[in-house]
Structures are given as C-alpha cells and as structure tokens.
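Structure, as structure tokens:
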Amino acid sequence: MPSAVFKDGSKVAKEIKQIQLLNAVNYKCVIADGIYGNKTKDTVTKFQKIYLPYEIDSIYGSNTKWKLQVVLKSQGF
C-alpha cells in the first residue's frame, strides 16, 4: 500500500494503482491507470463517507490507507 499522501493530480503510477484497489471492495475507480484523477478522488470520497465519516477530505492519507487495508483484509484480499 502507498505510504505517501495523494490528492488531485498526483501521478505516481505504481502507488496510485494500489489506491485503486478500491475496485476490489466495490468502489469503482474504473481503470487502475496510475493517475489520481477525478474518478479516483470521487471514489476515495465515497469510501471515506462510509468508513471514515469524520475525515472526509478526498485525500488518500494514512487513515484512509489503514482503513482500506482493514476492509481488504476482512474481505480476504
């Protein structure tokens, strides 16, 4: 999982593709293209609304990363 913070326009292909694992937990980023564009941002926001309702900022930071890891593990990934 990525260790940095990502927001609009970030382009670190390998790490952004890992964020796009949100596809695996039914939050569709569309294609794992390695760009933190509007679709990935919107998907992170939707994920945060469900799992981190007090931390909605559309940014993939440490708490969002941690929660995604928890959710993925609980679903067998």
Side-chain angles (χ1 to χ4, degrees):
M1 298 300 273
S3 58
V5 173
F6 296 95
K7 50 189 173 183
D8 257 351
S10 294
K11 293 181 183 178
V12 182
K14 180 180 174 186
E15 292 190 334
I16 301 296
K17 286 180 181 180
Q18 290 176 340
I19 293 169
Q20 293 169 333
L21 284 172
L22 286 162
N23 287 328
V25 290
N26 297 318
Y27 290 87
K28 301 300 178 196
C29 289
V30 185
I31 301 169
D33 61 4
I35 299 170
Y36 196 97
N38 287 330
K39 291 179 183 176
T40 302
K41 177 183 171 185
D42 291 345
T43 303
V44 168
T45 302
K46 289 175 188 173
F47 181 83
Q48 289 174 334
K49 285 180 181 179
I50 299 298
Y51 293 103
L52 299 164
Y54 300 105
E55 300 182 34
I56 301 167
D57 60 5
S58 306
I59 297 171
Y60 186 85
S62 59
N63 287 342
T64 304
K65 172 189 172 183
W66 169 79
K67 193 60 170 181
L68 178 57
Q69 289 175 332
V70 169
V71 171
L72 286 168
K73 186 175 181 179
S74 74
Q75 295 188 5
F77 291 95

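In this text the structure is predicted, and so the values were computed from the model without any measurement.
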Please test Ile59 against Val44 for side chain to side chain contact (heavy atoms under 4.5 Å, CB included), starting from the C-alpha separation and ending with a verdict. CA-CA 7 Å; Ile59 297 171; Val44 168; over 6 Å; no
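- Residues passing the side-chain contact (heavy atoms from CB on, under 4.5 Å) test with Asp42: none are found, sequence neighbours excluded.
- Grouped with Tyr54 in a hydrophobic cluster is no other residue, since no side-chain heavy-atom contact under 4.5 Å to another Ile, Leu, Val, Met, Phe, Trp or Tyr is found.
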Just list the side-chain donor-acceptor pairs under 3.5 Å for residues 70-77, sequence neighbours left out, or say none.
from: Ser74; atom 1: OG; to: Val71; atom 2: O; distance (Å): 2.8

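- Looking only at side-chain heavy atoms (C-beta outward), Leu68 and Tyr60 come within less than 4.5 Å of each other.
- The CD1 atom of Ile56 sits 13.0 Å away from atom NZ of Lys46, with the distance rounded to the nearest 0.5 Å.
- Nearest heavy atoms, Lys67 versus Tyr51: CG-CB, 3.6 Å.
- Not a single donor-acceptor pair under 3.5 Å links the side chain of Glu55 to the backbone N or O of Gln48.
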